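In what follows, chains are A, B, ... by sequence order, proteins preceding strands, each numbered from 1. Please read these numbers as outputs of a predicted model, since none were measured by experiment.
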Amino acid sequence: MLPLTGRRIPVVADEYSDPAKGSGAVKITPAHDFNDFEVGKRHNLAMPSILNAEARVMLAEIELAEVPGISDLDFVRGLEGQDRFAARKAIVARLEEMELVEKIEPHTHQVPHGDRGGVPIEPRLTWQWYADAATLAKPAIEAVETGKTQFVPKQWENTFFAWMRDIQPWCISRQLWWGHQIPAWYAPNGEIFVARTEEEALAQARAKLGADVTLQRDPDVLDTWFSSALWPFSTLGWPDKTVEVAKYYPGDVLVTGFDIIFFWVARMMMMGCHFMGEVPFRTVYIHGLVRDEKGQKMSKSKGNVMDPLELIDAFGADALRFTIASLAGPGRDIKLGRKRVEDHRSFGTKLWNAARFCEMNGIAPRPGFDPASVTLPLSRWLLDAANKAIAEATAALEIYRFDDYAAACYRFTWGSFCDWFLEFAKPVFMGPDGAEKEEIRGVAQHVLGTILRLLHPVMPYVTEELWDRFGYGAECSLIGEAWPQPVAVPGAEAARAELDWVVAFITEVRSVRAELGVPVAAKPAVLGLPGGEPSLQALAAQWQVGHQDALLRYARLAEISAQQGEAPSGAEAAGLVAFSVGGVPFSMDLRGHIDLAAERTRLAKARGVAEAEVKKVHAKLGNPDFVARAKPEVVEENHERLANFEAEIARLNAALARIGG
RNA sequence: GGGCGCGUAGCUCAGCGGUAGAGCACCUCCCUGACACGGAGGGGGUCACAGGUUCAAUCCCUGUCGCGCCCA
């Protein structure tokens, strides 16, 4: 018997109540609590509502009965329209007056609070429109299972499936002022007519009721996500059969964050499959979330939100975009901070300066330039490296590896084009006019154009500006240009071997100089020594002549010549420092420039490294299981390594012996 | 409690059965005729830990610890 109202209520047994808590019995209110609602459904209980939409007491559905000593119907009637908090206080006070309260104990339980107003939320039973989500989900699930739509990275398909396979009926009506209105009309007798237009609804009503009636449209609107789910085709003019629908549906790739998979991606999939009979997109690329420098999610209340516009003001839109692309590894969130953007800014500056240097040296677009016609190894080497960069960048973009794409562009532009090509081109530009200079200019303009195209997606502003300034095309025309394609490069392999050797030579000399503390101003002579592999020896001799200028300039040497007659020995040899490039031995005359102890240390250190490697490889090759079971090419590779390191040790030993090490 | 992901150089992150990589930071030298937001050289890692599979494990499997996220 319920006090005050005098209503008889049933006692039901259910697992929901916890016997260990309090009396073990709990009074439930199916109309105003999610758990109680489930219990009520299980036991077929009545579900009267006691609160209206403003959370004030509402007695319309409450059954009242006069029960002496227990009910107080006048008091209950007086509660009508009272605020919930006031009503609760009044009820407790009245129960105490009537001596119906045995005791009051503090009890901790969870009451949900609204995240905007912070007030306790009171669930209520209302009539709403539902979509049969399980039925809608089926074809969407199938589409992902069969690969008609693919998630990148693939692991997110699990998230999609987890939600879709356990989907609940979808409440699609909302009591808001703004949105697509629910297409349902009510007749005075409560009959519901669902139709596309009011005319159709009226016609239905006439047919059903036999007379014209006044219809009232449902005041509710559709859930935002319901409307958004229609986006892939409603924006194209659907339900009309427009050319846009035919051309753009289904879309190619949807780019979004994982938190949107259920809200939007899943809903678009359901609606697309249902209304269009076809998935809305082939690929769903799920990127990481942009977080702050410490990996915290950005939030206004935490105050760690970065305004992209501020970063753009400080470093430029290209720098921000390039930074984000560089950091966009697969399946990982991006920790973004001012410092990160600053670090990447220099790349744009580098590109700008490189272009400026090109401009100063008369490099301008040449529409008729034929890459296949170049003859200089430097030209061929650069075009070949550009081909590689194009291939890498393209492959990375195709699998949504924006970090790899950015890195490939960076490596090629900075490492190959600026650090080596432009440096090697300097002596040519400063030299006499002629075929060589013309060819280098041609190659430079071609490859600069390639770089601008490659980088345009991540650095649209600088590239577009340079494209226009150089006269590759009209203002804002780069965006419409074709993606760069590899070109045929005659003799690419030979050019690669040649330039790689030249680069290695310069690097080796620089390294030796730095380690031995040779003054920058010193310009020692280098002697080519006999030994090494004969074919390489011959090629190296040829390359030394062909790249004489660059080698002397960048290794800071006085001359490179072949050794004549007997090698010096004993005291005479002290200060002749040995090194090798690709197995071809050389000696650098550093007499008077270095301290022999430093040189001994250098050689001994290099020998130590080589010896450690020999030991490892030797152990491997000495293992019969390895030789028998490993792939033949791996075994072969190790034989080569062993031979190389052993030769290296022999050279180092000889060098040490010469200086009395 | 269930599920997913992550622990690799000081930092941020790639790599993924057979030589451990990048950027930044750091150290040394250099304002050399595009660029000091630059150039050259260099140091730095028992790839979280413990087992297992394998001729071979940072990489595959199992477990432990630590961190993050999602669902309940």
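Counting heavy-atom neighbours within 6.0 Å of A/Lys437 NZ, excluding the residue itself, gives a total above 12.
Proximity note for A/Arg340 (side chain, C-beta onward) versus B/A34, B/C11, B/C24: the nearest is B/C11. In this structure, of B/A34, B/G38, B/G42, it is B/G38 that holds the atom nearest to the side chain of A/Trp414. Closest approach to the A/Lys605 side chain among B/G43, B/C69, B/G23 is made by B/G43 (side chain taken as heavy atoms from C-beta onward).
Taking the centre and axis of the six-membered ring of A/Phe369, the NZ or CZ atom of A/Arg366 falls outside the cone set by 45° and 6.0 Å. For the pair A/Arg267 and A/Trp170, the cation-pi criterion (under 6.0 Å, within 45° of the ring axis) is fulfilled.
The side chain of A/Lys335 contributes no N or O atom lying less than 4.0 Å from OP1 or OP2 of B/C24.
With both ends at atom C1', the span from B/G18 to B/C60 equals 15 Å, rounded to whole Å. For B/U12 and B/U54, the P atoms lie 38 Å apart once the distance is rounded to whole Å. Taking atom C1' in both B/A25 and B/A34, the straight-line distance is 26 Å, to the nearest Å.
Each of A/Leu327 and A/Arg345 has a nearest nucleotide on RNA chain B; the 5'-most of these lies closest to A/Leu327.
When both pairing distances are held under 3.5 Å, B/C49 makes a Watson-Crick or G-U pair with B/G63. Under the Watson-Crick or G-U wobble criterion, with both distances below 3.5 Å, B/C35 is left unpaired in every strand shown.
Classified by interplanar angle (parallel below 30°, tilted 30° to 60°, perpendicular above 60°), the ring pair A/Phe417/A/Phe421 is parallel. By the 30° and 60° cut-offs, the orientation of the rings of A/Phe151 relative to A/Phe160 is tilted. The aromatic rings of A/Phe322 and A/Tyr410 lie parallel to each other, their planes meeting at an angle below 30°, with 60° marking the opposite boundary.
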Return the polar atom pairs (N/O with N/O) between nucleotides 3-7 of chain B and the protein under 3.5 Å, or none.
| from | atom 1 | to | atom 2 | distance (Å) |
| --- | --- | --- | --- | --- |
| B/C6 | O3' | A/Arg332 | NH2 | 3.1 |
| B/G7 | OP1 | A/Arg332 | NH2 | 3.4 |

Below 3.5 Å between N/O atoms, which protein atoms pair up with nucleotides 17-20 of chain B? Just atom names and distances, please.
| from | atom 1 | to | atom 2 | distance (Å) |
| --- | --- | --- | --- | --- |
| B/U19 | OP1 | A/Lys620 | NZ | 2.7 |
| B/U19 | O2 | A/Arg641 | NH2 | 3.3 |

Checklist entry - What's the verdict on side chain to side chain donor-acceptor pair (under 3.5 Å) for A/Gln150 and A/Thr283, showing C-alpha distance, side-chain angles and the deciding distance? => result CA-CA 5 Å; A/Gln150 292 183 323; A/Thr283 303; 5.4 Å; no

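Side-chain contact between A/His446 and A/Leu383 is present, with at least one heavy-atom pair separated by less than 4.5 Å. A 4.5 Å side-chain heavy-atom check between A/Phe347 and A/Trp352 finds every atom pair outside the cut-off.
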